[in-house]
Amino acid sequence: MTIDSDDWRIAKSWLKNRKNWRTNGPIIADFENNFAKYNGSKFAYSFMGGRVALSAAIYALNIKPYEEVIVPGYTCVVVPNAFRYEKIQVKYSDIELETYGLDFKSLVKLVTPKTKAILVHHLYGLVSRDYLKIIDFAKQNKILVIEDCAQSLGASLNRLKIGNLGDIAIYSFEQSKVITTILGGMVITNNSSFAARLKEFQERSPFPNEKKIENILWNIFSRYSYYKHPLSFLMRDITRLFSNKKEVVSTPEDEINGIIPDDYGCRMPPPLAAIGINQLNKLDYYNSRRKAGALKWKQWCIDNKYKTPLVIKGSEPIYLRFPVLVEKEKKTESNWAKETLNIELGKWFLTNIHPSDEKVDNCPNSNIAVSKCINFPSILPD
Ligand SMILES: *Cc1c(COP(=O)(O)O)cnc(C)c1O
């Protein structure tokens with residue numbers, strides 16, 4: 001949880017003055033420029049979610065209806081949805097179990113003359129095992145690569161931040177991600193013609209309505225008071241009393257079922273860009289804490305004879321979470337973690353296409369990850 005009192009101070013000042021909530025001010029460009037600079041990328045455009053950033057990427061790459069894309073069969077439902085909203089055919093490839101990335105061998109089998117793009121992801125803050133192989137293969141076969149870096153902002157390979165080797169990459173600032181604006185996302189590219197189309201997409205995307213922005217700013221406060229406020233034990237009850245109507249849901253029921261929500265496709269408004277700038281300033285600090293936390297879980301794996309996630313040569317993961325494959329029962333009955341380690345166990349991806357119950361064919365490793373992959377929190381209390 002990267003929301004602190006400084007983020008709340010910023011949110012509070014915006015709540016006091018609503019004048020420029022929905023006008024295109026320089027603060028948006030500041031956030032995008034800072035992000036591009038941090039990431040070593042030429043162009044960055046902000047949106048109201050990683051999923052919206054993906055929709056912008058699909059437009060930028062000019063992927064047409066009935067063309068095919070290959071996506072990992074272990075992902076969030078909003079990823080295939082973004083393609084299906086445009087009537088693009090999604091094919092699921094299996095993953096490998098060392099970094100939970102797209103498995104090169106299974107992906108190659110799915111390529112047809114209609115394959116327009118491959119979506120590679122980097123989960124849990126790791127750098128995917130077959131990253132370079134897939135990039136090379138795609139280049140040779142003139143297939144575009146979209147990188148889903150929603151969980152791995154700041155991770156690098158040979159000192160280059162991930163997201164820069166493919167054609168276009170997306171990032172998320174949803175609540176569980178590396179940094180957060182409660183809802184938010186970014187798309188980057190180093191290609192100026194893709195950038196021109198991203199800009200065009202952003203310019204015709206509306207800002208969210210005032211109520212939504214207010215709810216999000218409110219959530220900055222409730223997250224802060226729940227987790228970080230010095231009197232959080234008191235604040236928890238107080239905020240719960242009047243926060244239920246203001247809860248921000250990342251993926252409403254309709255979206256899980258593939259129905260496009262009314263307010264899909266918004267760009268990021270100035271108050272959230274302001275929070276984003278502040279979050280970005282703290283990114284390296286939080287990522288260094290995550291890397292330190294990961295050492296504890298590496299030792300835990302060694303002591304308990306579990307495999308640690310693979311760190312590919314030249315890569316620096318940021319460990320958004322520390323994933324481990326354990327026995328099925330340790331995932332379904334997770335009390336042991338609270339009892340023996342005093343932590344809330346992460347159980348991400350309870351289905352292949354989380355959180356929908358859509359089934360995927362020929363993805364045995366994805367199924368294993370669904371039933372056996374747990375994750376530990378990497379930011380540990382001081
Ligand atoms: C969170 C996430 C997304 C979607 O990002 P939103 O900001 O929630 O739209 C996409 N892909 C992965 C791997 C994610 O973890």
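Order of listing sets the numbers, starting from 1, for every ligand and every atom in it.
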### Query
Quick check: does any side chain N or O of Trp297 sit under 3.5 Å from a backbone N or O of Ser378, one acting as donor and the other as acceptor?
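Answer holds: no.
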Under 4.0 Å from a heavy atom of [X]: which atoms of ligand 1 are those, numbered in the order shown and with their elements?
X: Gly49; answer: 7 (O), 9 (O)
X: Ala150; answer: 2 (C), 3 (C), 10 (C), 11 (N), 12 (C), 14 (C), 15 (O)
X: Val79; answer: 10 (C), 11 (N)
X: Gly184; answer: 7 (O)
X: Glu174; answer: 7 (O), 8 (O)
X: Val78; answer: 4 (C)
X: Gly50; answer: 5 (O), 6 (P), 7 (O), 9 (O)

### Query
Are Glu86 and Lys116 within salt-bridge range, i.e. N to O under 4.0 Å?
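No, Glu86 and Lys116 are not salt-bridged.
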### Leu123 heavy atom under 4.0 Å from ligand 1
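Per 4.0 Å heavy-atom rule, Leu123 contacts ligand 1.
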#### Entry: Non-hydrogen atom of Cys76 closer than 4.0 Å to ligand 1
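Yes, that is the case, since the closest heavy atom of the residue is under 4.0 Å from the ligand.
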### Query
Among all protein non-hydrogen atoms, which one is nearest to atom 13 (C) of ligand 1, and what is the separation to 0.1 Å?
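Minimum-distance protein heavy atom for atom 13 (C) of ligand 1 reads Asp148 OD2, 3.3 Å.
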### Message
Checking Leu217 against Phe221 for the side chain to side chain contact (heavy atoms under 4.5 Å, CB included) test, could you report, in this order, the C-alpha distance in whole Å, the side-chain angles of both residues, the deciding distance, and whether it holds?
### Response
CA-CA 7 Å; Leu217 292 174; Phe221 173 65; over 6 Å; no
### Message
Less than 6.0 angstrom from the centroid, inside 45 degrees of the normal: does Lys177 satisfy that with respect to the ring of Tyr171?
### Response
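Ring-cation test returns no.
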### Query
Is the cationic atom of Arg321 (NZ for Lys, CZ for Arg) positioned less than 6.0 Å from the six-membered ring centroid of Tyr100 and within 45 degrees of its normal?
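Not satisfied by the 6.0 Å and 45° rule.
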### Task
Scan Thr180, Thr181, Asp7 and name whichever one has a side-chain hydrogen bond (donor to acceptor under 3.5 Å, both in side chains) with Gln279.
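That would be Asp7; it is the only one of Thr180, Thr181, Asp7 passing the side-chain hydrogen bond (donor to acceptor under 3.5 Å, both in side chains) with Gln279.
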### Message
Using the rule side-chain hydrogen bond (donor to acceptor under 3.5 Å, both in side chains), only one of Asn287, Thr2, Asp6 pairs with Lys282; which is it?
### Response
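That would be Asp6; it is the only one of Asn287, Thr2, Asp6 passing the side-chain hydrogen bond (donor to acceptor under 3.5 Å, both in side chains) with Lys282.
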### Message
I want to check something: taking the side chain as every heavy atom from C-beta on, are Leu345 and Lys330 in contact at a cut-off of under 4.5 Å?
### Response
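The answer is no, as the side chains (C-beta and beyond) never meet within the 4.5 Å cut-off.
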### Query
Of the listed options (Met48, Lys177, His121), which comes nearest to atom 3 (C) of ligand 1 when hydrogens are ignored and any heavy atom counts?
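Answer by nearest heavy atom: Lys177.
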### Query
For Arg51, is at least one N or O under 3.5 Å away from an N or O on ligand 1?
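Yes, Arg51 has an N/O under 3.5 Å of an N/O on ligand 1.
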